[in-house]
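To start, the structure under review is shown below, and the notes come after it.
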Amino acid sequence: MKKILYTIVFSCLAVAGMAQEAAVYSQYQFYPILVNPGYTGFNEKHDFVGNARSTWSGFPGRPTTYTAMYSGPVGDKLALGGGIFSENVGDMNTFKIQLNYAFRFKLQNTKIGIGLSTEFLNSNIDNALLSNPIVNTNDPTLESLAEGESYFDASVGTHILFDNKLFINFSMPNTVRARLDEVPVENEEEVDDQTGLFKNYIFHMGYILNVQSQNFKVIPSLALRNIRDVPYQIDLNVQGWFLEDKLIAGLTYRPSTEGSLVFMLGTRLKQFQFTYSYDVAFSDFQQYNSGSHELGMSFSFERKTKVQMEPIPGN
């Protein structure tokens, strides 16, 4: 029984690890660069973003993720960026290096950014796991992870801002995915079937309602996520920006996967922005953990010369 329970837990955490690799963040609304290379340099600022997430806090072997990214403009058209990603799920460790390249331009009152990210990823498990008597050491997945799996991954995305009000984010992770090591993996063909154009996507669209007379902004938005190895997800979001963006509040409802809520708070102090979010699920599994916590921070400074077009609040 114990062996069965351990296998189930490890399998669930492994799937969660693969999902997080595909950028399952709650704060993508505040930091679009986390999920969309098309946003690289879009706001004409040099941005440094840090994110830390603890999923299913209090549950043994829970996923913990750390991300650090930079993006900024190089002239009026080109933008570059990069980042590192580290995650621990039980005894599995994943490390990723990402490079972003983007091209941005204006068509009348519409600004468009088109980007590409190239990613180099390595996953492995702690060797101590193989000496555990309740673990099947002949499992091909464990054998592959013990040797270490290395991948090259590429994603594309676009960010569109129309009249400083309507914005559309669309990115396609895992557009190209190739194995870099020579360790054999079972069901490799099934993995290849989950890559390619439009097979995985993150779509986010919203509207910025600026009530200048009352000094606040309201931003309703909708997000759709179809990610490899993760159930289809819908996010219904609303944000409020008050007191010249010094107070930020947000709420997300996810009707899929038995439902969940995300509560968000944040503040902006000159060039710094700090955000916190808390996820709570309506499923029975919630009783075994204390929810998911996510912290975000960014530091930004203006480029010397920039295109005069306002960015999305908070970015």
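Note that the structure is predicted; figures quoted are calculated from it, not measured.
Geometrically, Arg177 does not engage Phe152 in a cation-pi contact, judged by NZ or CZ lying under 6.0 Å from the ring centre and within 45° of the ring axis.
Under the side-chain hydrogen bond (donor to acceptor under 3.5 Å, both in side chains) criterion, Thr118 pairs with Tyr101, sequence neighbours left out. Partners of Gln212 according to the side chain to side chain contact (heavy atoms under 4.5 Å, CB included) rule, which considers only residues two or more places apart in sequence or in another chain, are Asn210. Scanning for side-chain hydrogen bond (donor to acceptor under 3.5 Å, both in side chains) contacts around Thr67 gives Tyr25, with sequence neighbours left out. For Ala281, the side chain to side chain contact (heavy atoms under 4.5 Å, CB included) criterion is met by Ser260, Ser283, Gln286, not counting sequence neighbours. Val156 pairs by the side chain to side chain contact (heavy atoms under 4.5 Å, CB included) definition with Leu116, Met172, Thr175, not counting sequence neighbours. Under the rule for a side chain to side chain contact (heavy atoms under 4.5 Å, CB included), the partners of Gln287 that lie at least two apart in sequence or sit in another chain are Asp284. Take Phe105 and apply the ring pair (Phe, Tyr, Trp, His ring centres under 6.0 Å) test, not counting sequence neighbours, and it matches Phe103. Thr158 is linked by a side-chain hydrogen bond (donor to acceptor under 3.5 Å, both in side chains) to nothing, counting only residues two or more places apart in sequence or in another chain. The salt bridge (Lys or Arg N to Asp or Glu O under 4.0 Å) search around Lys165 returns none, not counting sequence neighbours.
Between Tyr31 and Tyr39, the distance separating the two ring centers is not shorter than 6.0 angstrom.
Judged by distance alone, the side chains of Thr252 and Gln29 do bring a donor and an acceptor atom under 3.5 Å apart.
At most 12 non-hydrogen atoms from other residues, nucleotides or ligands lie less than 6.0 angstrom from OH of Tyr288.
Other residues sharing a hydrophobic cluster with Phe274 under the 4.5 Å side-chain heavy-atom criterion for ILVMFWY residues are Phe48, Tyr70, Leu269, Phe272, Met297, Phe299, Phe301. The hydrophobic cluster around Phe95 extends to Ile84, Ile97, counting ILVMFWY residues whose side-chain heavy atoms fall within less than 4.5 Å of a member.
Judged as a salt bridge (Lys or Arg N to Asp or Glu O under 4.0 Å), not a single pair has a partner in residues 28-41 (not counting sequence neighbours).
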